[in-house]
Amino acid sequence: MTTTLEARAEMGAGPLGERFDDALLFAARHHREQLRKGSQVPYMSHLMSVSALVLEHGGTEGQAIAALLHDAVEDAPAGQGGRVLTDIRARFGDAVADIVRACSDGLDADGNRSGTWRERKDAYIAGLATKSTDALLVTAADKTHNALCIAADVRRYGPEFWSVFNASRDDLLWYYGSVEQAVAERLPDTTMQVALQEAVAQLCAAAT
């Protein structure tokens, strides 16, 4: 974890290039019709927030691009996941595409989503042990933003808010807690790990 101002001065991706602009437009076009669960909030708000978290915690431009695109494959129309992943690889390179695939849950060999919610999450959590640290940073940012948003909505709307999800409150708490534990083991004492830990703590507190 950065502990000196000198180290902080060297942290970060520096100015972003046109490749990031292209990724932002790609994500906006891909997710244009999607909304946050139980609201009219554009789904792009989540993708931009995850990308911002990656950048704020010292991530590279490539990691920030992958954060913008991390849901593009698993949210693709049925049968189109493989095509979307191939498109991302061609446009943004292998490193970004590999992060996106690693951050997608339940993908089969063709890049399409399969399995029940629990099957997908079990496999996702197991994969965190060997996922690249680049992908792990994006995963941590993704779960940090989601956990903070869920916690805020539960506090605002009460226990009824849990009904907007496809999984139960207990299943969601298990999932976020499991991801947080895996990130703590792989990225101990990093600013992103601490942010995720605090976000999951807020989620658990809101659930009681």
Residues [X] and [Y] bridged, charged N to O under 4.0 Å:
{"X": "Arg89", "Y": "Asp98", "answer": "yes"}
{"X": "Arg91", "Y": "Asp22", "answer": "no"}
{"X": "Arg156", "Y": "Asp153", "answer": "yes"}

Discussion item. I'd like to know whether Gln63 forms a side-chain contact (heavy atoms from CB on, under 4.5 Å) with Thr133, so could you lay out the CA-CA distance, the side-chain angles of the two residues, the decisive distance to 0.1 Å, and finally the verdict.
Written reply: CA-CA 10 Å; Gln63 291 167 335; Thr133 54; over 6 Å; no
Discussion item. Checking Asp142 against His46: is there a side-chain donor and acceptor pair closer than 3.5 Å?
Written reply: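 Checked: His46/Asp142 side chains pair up, N/O donor to acceptor below 3.5 Å.
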Worksheet item: Can you tell me how far the OG atom of Ser163 sits from the NZ atom of Lys37, to the nearest 0.5 Å?
Response: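 Going from OG on Ser163 over to NZ on Lys37, the span is 11.5 Å.
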Worksheet item: How long is the span from the OG1 atom in Thr208 to the CZ atom in Arg169, to the nearest 0.5 Å?
Response: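 The distance works out to 8.5 Å.
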Worksheet item: What closest approach, in Å, do Glu119 and Gly115 show between heavy atoms, and which atom pair accounts for it?
Response: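 That closest heavy-atom pairing would be OE1-CA, 3.3 Å.
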Worksheet item: Same cluster for Leu16 and Ile88 if Ile/Leu/Val/Met/Phe/Trp/Tyr side chains link at under 4.5 Å?
Response: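 In one cluster: yes.
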Item to complete: Identify whether Val100 and Leu55 are in the same connected component of the hydrophobic contact network (ILVMFWY, side-chain heavy atoms under 4.5 Å).
Response: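 Same cluster: Val100 reaches Leu55 through Ile, Leu, Val, Met, Phe, Trp or Tyr contacts under 4.5 Å.
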Student check: side-chain heavy atoms of [X] and [Y] closer than 4.5 Å:
{"X": "Val96", "Y": "Arg19", "value": "yes"}
{"X": "Leu53", "Y": "Glu56", "value": "yes"}
{"X": "Met44", "Y": "Gln34", "value": "no"}
{"X": "Gln193", "Y": "Glu180", "value": "yes"}
{"X": "Arg118", "Y": "Asp171", "value": "yes"}
{"X": "His31", "Y": "Asp75", "value": "yes"}
{"X": "Arg32", "Y": "Pro42", "value": "no"}

Taking the side chain from [X] and the backbone from [Y], do they hold a donor-acceptor pair closer than 3.5 Å?
{"X": "His70", "Y": "Ala67", "value": "yes"}
{"X": "His30", "Y": "Ala72", "value": "yes"}
{"X": "Ser51", "Y": "Leu47", "value": "no"}
{"X": "Arg186", "Y": "Ala129", "value": "yes"}

Fill in: Linked hydrophobic residues, Met192 as query - side chain contacts closer than 4.5 Å
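Under the 4.5 Å side-chain rule, Met192 groups with Val54, Ile99, Leu137, Val138.
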Worksheet entry | Connected-component partners of Leu172 among ILVMFWY, side-chain separation under 4.5 Å |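 Its cluster partners, ordered by chain and number, are Trp117, Tyr124, Ile125, Leu128, Leu136, Ile150, Val154, Tyr157, Phe161, Trp162, Val164, Phe165, Leu173, Trp174, Tyr175, Tyr176, Val179, Val183, Leu187, Leu196, Val200, Leu203.
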Practice prompt. Determine, step by step, whether Ser178 and Lys121 satisfy the side-chain contact (heavy atoms from CB on, under 4.5 Å) criterion, reporting the C-alpha distance in whole Å, the side-chain angles of both residues, the deciding distance to 0.1 Å, and the verdict.
Written response: CA-CA 10 Å; Ser178 297; Lys121 302 311 179 187; over 6 Å; no
